[in-house]
Amino acid sequence: MTEQGKGKGFDTRAVRGGQVRTAEQEQSEPLFLSSSFTFDSAAQAAARFAGEEPGNIYSRFTNPTVRTFEQRLAGLEGGQACVATSSGMAAINAMCMALLRSGDHVICSRGVFGTTTSLLTKVLPKFGVHATFVGPTDYAGWQEAMRPETRLLFLETPSNPLTEVADIAWLAGLAHEHDALLVVDNCFCTPALQRPLELGADLIIHSATKYLDGQGRCVGGAVVGDDKRVGEEIFGMLRTAGPSMSPFNAWVFSKGLETLRLRMRAHSENAQALAEWLQEHPRVTRVNYPGLPGHAQHELARRQQDGFGGILSFEVDGGRAGAWAVVDGTEMISITANLGDVKSTITHPASTTHGRISQEERDASGITEGLLRISVGLEDVEDLQADLDRALAAG
Ligand SMILES: *Cc1c(COP(=O)(O)O)cnc(C)c1O
């Protein structure tokens with residue numbers, strides 16, 4: 001049985017990568033809903049447990065459907081290895097647990113997913129790992145935050161929800177000068193629009209829940225990188241600590257990857273049109289979208305990305321009351337904090353995704369009370385504009 005799609009172009013790898021046909025000669029990827037696997041003999045069981053013979057034992061360790069997803073995603077990111085996890089947060093946690101020890105220091109961008117901030121400020125300090133937060137594009141700040149015990153730099157670009165774009169190659173250089181690793185959460189762009197490993201990053205984090213699924217169905221995550229860190233150390237942590245991906249979810253994500261590039265292009269087109277339209281609206285005081293020529297890092301985004309993505313944020317007048325009235329005034333756009341769905345979603349970051357971090361941290365991150373984030377879906381852009389036009393008039 002040969003693995004398909006190896007070494008081919010991006011779209012071919014997205015459609016065929018990681019698939020290993022069984023003796024049934026199925027066309028679509030099979031779904032192995034099996035918690036354990038059988039052995040031919042006691043000797044084979046012993047050899048598998050001892051790691052002397054490759055092969056499946058138990059689905060907390062490996063599962064063929066999960067492996068298809070892992071190999072397909074590794075192929076798209078250009079990584080040697082990928083491990084799938086039960087959620088995006090499980091991917092970040094497993095990476096930290098595997099690679100950090102008490103006394104280590106992390107530098108994290110301020111513009112990251114709210115729960116990532118909570119993990120670094122509330123959970124990891126209990127184990128002696130401490131983090132410093134800096135603005136994603138505050139390069140002097142990243143340099144000043146460096147300590148002898150700094151092991152890891154953590155970044156999301158574009159940032160959430162302000163869409164600030166940070167220079168991955170520059171940050172990789174800084175990390176490597178200090179024998180630290182650069183970890184990029186590539187959730188917003190996906191490998192269809194940005195491949196951080198090619199720019200020098202060491203590890204990639206994914207919340208597969210978002211664009212990799214693309215239709216808002218399953219929760220999952222992944223870490224991509226080299227054979228040693230990902231294939232041995234993080235895989236070893238996962239197999240012991242247990243946050244492995246369900247085969248069913250892996251099957252959904254593998255099918256999602258097949259249309260990833262097409263969807264990311266369409267999301268980007270819709271977001272660009274909506275951003276340009278919002279910019280002209282009298283109630284909108286600011287629009288954050290890397291595809292706008294007025295965006296502070298528009299040129300960097302052009303160089304570093306193959307498209308500008310589907311996430312934008314904007315500020316309306318009237319503070320929290322004004323922003324909530326816009327959310328409540330929409331009739332079609334879904335009010336949910338999830339993103340990366342074909343259905344457009346709207347959220348008020350200050351009271352939802354970033355509601356549990358302190359006011360001080362929010363102010364430092366620029367998450368104002370009037371800020372709204374939209375994950376632009378694949379509906380007709382005219383219908384999205386009509387929905388927002390109505391909502392903005394009501395607010
Ligand atoms: C959602 C998200 C996560 C966390 O992923 P879960 O699958 O919800 O655990 C991490 N990073 C980013 C950028 C996200 O959007």
Side-chain angles (χ1 to χ4, degrees), residues 66 69 73 77 82-97 106 108-124 131 133 136 152 154-166 168 183-194 196 201 203-224 238 241-246 248-250 252-253 256 264 267 271 288 290 305 309-313 334 336-341 345-347 349 352-357 365 367 373-377:
V66 176
F69 167 69
L73 181 59
E77 287 285 9
C82 169
V83 291
T85 55
S86 57
S87 69
M89 288 318 302
I92 300 173
N93 189 47
M95 182 274 295
C96 290
M97 289 288 168
V106 174
C108 183
S109 161
R110 271 208 189 94
V112 297
F113 189 61
T115 316
T116 304
T117 304
S118 297
L119 181 76
L120 289 169
T121 54
K122 302 199 174 114
V123 180
L124 292 183
F133 291 85
L152 206 133
F154 193 97
L155 177 72
E156 271 174 41
T157 179
S159 72
N160 182 10
L162 295 175
T163 75
E164 290 166 278
V165 177
I168 295 174
V183 182
V184 177
D185 182 331
N186 204 22
C187 177
F188 275 29
C189 277
T190 83
L193 302 185
Q194 171 172 279
L203 298 168
I204 306 292
I205 297 287
H206 272 292
S207 168
T209 317
K210 315 295 166 54
Y211 288 111
L212 304 192
D213 175 331
Q215 295 180 55
R217 296 162 293 192
C218 294
V219 174
V223 189
V224 186
L238 234 107
S244 32
M245 179 179 280
S246 121
F248 180 80
N249 290 7
V252 171
F253 297 138
M264 292 313 291
H267 281 293
N288 305 305
Q305 303 173 199
I311 310 291
L312 61 82
S313 59
S334 313
T336 168
N338 196 26
L339 60 90
D341 194 329
T345 68
I346 189 164
T347 188
T352 59
T353 52
H354 293 68
R356 284 197 300 169
I357 64 174
S365 309
I367 318 286
R373 185 193 74 194
I374 294 187
S375 166
V376 184

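Order of appearance sets the numbers: ligands from 1, and atoms from 1 within every ligand. The structure presented is a predicted model; accordingly, all values stated were derived computationally and were not measured.
Counting protein heavy atoms only, atom 7 (O) of ligand 1 is closest to T209 OG1, 2.7 Å. Protein heavy atom in closest approach to atom 6 (P) of ligand 1: G88 N, 3.3 Å. The nearest protein atom to atom 4 (C) of ligand 1, hydrogens excluded, is given as F113 CE2, 3.4 Å; this is a heavy-atom distance. Atom 8 (O) of ligand 1 has its closest protein heavy atom at S207 OG, 4.1 Å. Summary of contacts: the protein heavy atom closest to atom 9 (O) of ligand 1 is M89 N, 2.8 Å.
Between L312 and V376, the closest side-chain pair of non-hydrogen atoms falls below 4.5 Å. A 4.5 Å side-chain heavy-atom check between F113 and I92 finds every atom pair outside the cut-off. Counting only heavy atoms from C-beta outward, the side chains of V252 and Q215 never approach each other to under 4.5 Å. Looking at heavy atoms from C-beta onward, N249 lies out of side-chain contact with F69 at the 4.5 angstrom threshold. Contact annotation: the side chain of C189 approaches that of P158 to within less than 4.5 Å [non-hydrogen atoms, C-beta and beyond].
Of all the atoms in ligand 1, the ones that sit under 4.0 Å from a non-hydrogen atom of K210 are 1 (C), 2 (C), 3 (C), 14 (C), 15 (O). Heavy-atom proximity to G220, at under 4.0 Å, picks out these atoms of ligand 1: 7 (O).
In terms of polar-atom proximity, F188 is not counted as a contact of ligand 1, lacking any N or O under 3.5 Å from an N or O of the ligand. When only interatomic distances are considered, the shortest N/O to N/O separation between C187 and ligand 1 does not fall below 3.5 Å. Considering backbone and side-chain N/O atoms, N160 never comes within less than 3.5 Å of an N/O atom of ligand 1. Looking at T116 next to ligand 1, no N or O pair under 3.5 Å apart turns up.
Y211 and H267 have perpendicular rings, their planes meeting at more than 60° on a 0 to 90° scale where under 30° would count as parallel.
With T353, T85, I311, D185 as candidates, the residue nearest to atom 12 (C) of ligand 1 on a non-hydrogen basis is D185.
Results of the side chain to side chain contact (heavy atoms under 4.5 Å, CB included) test with N288 over P161, S313, S159 single out S313 as the only residue that passes. If you run side chain to side chain contact (heavy atoms under 4.5 Å, CB included) between I205 and each of V184, D185, N186, only D185 comes through.
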